[in-house]
Amino acid sequence: MKPFLFQNYEEVLIDDFVPELKEYDRIWQDGKISLDKQLKAVDLAKDHPVFFIGHRMSQDAPFHSHSFYEIVCVLNGLVENCTKKSTFYMGSGDICIMNLASSHSLKVVDPQAIVFNIGIEATEMESGTFKNIYRSTSFLGNFLREKEDLDYLYFPSNGSLRLAQLIQTMLTTHARKSAGMPFLLASEVMQLLGELVDLNEYSYWGVNNRVMELLDFVEKHYATVSLAELAQEFNYSESYLSRFVKKQTGQQISKIIMGKKWKRPACYYKTPTFP
């Protein structure tokens with residue numbers, strides 16, 4: 001199944017704003033990415049409580065932490081996300097949320113991959129626009145408040161049209177540069193977070209090499225493969241395979257297979273470009 005064809009992301013890429021490698025290195029030099037430092041790097045105003053930054057994975061992003069909350073979205077290609085406790089792959093449409101205790105690096109797998117980061121200032125998350133989600137007893141609220149010793153929350157797309165539409169809407173709003181853009185973007189990020197809570201398909205682990213092999217097999221044989229055949233192929237029992245995939249991806253293997261069977265070309269979401 002082809003990835004979603006995201007558009008209007010050129011405006012969020014920092015590639016053109018950081019022409020020299022020394023400038024890129026300066027952002028990461030102390031391993032702590034602050035709001036001011038990242039905004040200064042792309043010459044943006046410092047009063048943006050919600051901001052977007054994207055980049056092509058032409059080089060590794062060194063291990064670092066943030067002074068803001070971060071939502072990492074992969075628009076296309078494949079990247080390797082390395083946290084303190086785990087390493088996992090993220091493909092097109094996948095989402096990873098990092099709290100203030102999170103630290104990670106991104107490793108190049110596909111140099112043409114594009115990563116789209118949504119940054120939310122700490123006060124905006126904790127006592128501003130997003131405070132209801134932050135203070136909620138949902139799995140997301142607990143993670144944001146660091147109720148448990150967790151590095152990240154991983155949300156696989158599995159070709160989810162709804163999540164792709166929400167991401168695309170934000171990119172399109174940003175590209176329009178309207179007077180109401182900051183307010184629209186904040187509401188759209190809120191909608192994305194609410195959708196992730198409702199979807200309730202998340203993992204504290206993610207897609208490792210073994211899961212990647214399994215998902216690649218499903219991609220090639222989803223039209224005919226059964227759970228029993230998949231378990232036999234990977235030398236697992238059916239019950240263990242189901243638990244393993246659910247743990248790593250947040251989704252039932254049966255739902256992954258059925259989702260691929262029912263996807264249609266119309267799901268490849270595209271929007272018009274803007275002058």
Closest contact, heavy atoms only, [X] versus [Y]:
X	Y	result
D151	S102	O-OG, 2.6 Å
T224	E229	O-OE1, 3.5 Å
V74	G91	CB-O, 3.3 Å
H174	K177	CE1-NZ, 3.2 Å
A122	S67	CB-O, 4.1 Å
N117	V115	OD1-CG1, 3.6 Å

Do [X] and [Y] come within less than 4.5 Å of each other through their side chains, counting heavy atoms only?
X	Y	answer
F130	L144	no
T173	M181	yes
Y222	I256	no
T169	L192	no
T129	V189	no
L153	L196	no
S127	R135	yes
E80	T87	yes

(Q) Show, in sequence, the C-alpha distance, side-chain angles and deciding distance for L227 and I257, and conclude whether the side chain to side chain contact (heavy atoms under 4.5 Å, CB included) test is met. (A) CA-CA 9 Å; L227 178 60; I257 295 172; 5.8 Å; no
No-hydrogen, no-angle side-chain donor-acceptor test under 3.5 Å, [X] and [Y]:
X	Y	result
E126	Y69	yes
N142	R145	yes
S203	Q248	no

[atom1] of [X] to [atom2] of [Y]: how many Å apart, nearest 0.5 Å?
X	Y	atom1	atom2	value
N76	R56	CG	CZ	9.0 Å
N200	F155	CG	CZ	9.0 Å
N99	I120	CG	CD1	12.0 Å
Y152	K85	OH	NZ	10.0 Å
S254	L230	OG	CG	11.0 Å
Q191	D198	CD	CG	10.5 Å

For the side chain of [X] and the backbone of [Y], is there at least one donor-acceptor N/O pair under 3.5 Å apart?
X	Y	answer
D60	P62	no
S103	F63	no
D94	P156	no

Q: Measure up the H104 and H64 rings against each other and bin them: parallel (under 30°), tilted (30 to 60°), perpendicular (over 60°).
A: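 Aromatic pair H104/H64 classed tilted.
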Are [Y] and [X] connected in a single hydrophobic cluster, I mean Ile/Leu/Val/Met/Phe/Trp/Tyr linked by side-chain heavy atoms less than 4.5 Å apart?
X	Y	answer
F183	M170	no
I133	L184	no
V197	I71	yes
V218	Y89	yes
F244	M212	yes

Q: Measure centre to centre between the rings of F234 and F217, then say whether the value is under 6.0 Å.
A: yes
Q.
Measuring centre to centre across the rings, with the benzene-like ring taken for any Trp, is F51 within less than 6.0 Å of F68?
A.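 They qualify: ring centres under 6.0 Å apart.
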Q: Count the heavy atoms of every other residue, nucleotide or ligand shown that sit under 6.0 Å from CD of E146, and state whether that count exceeds 12.
A: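 Enclosed.
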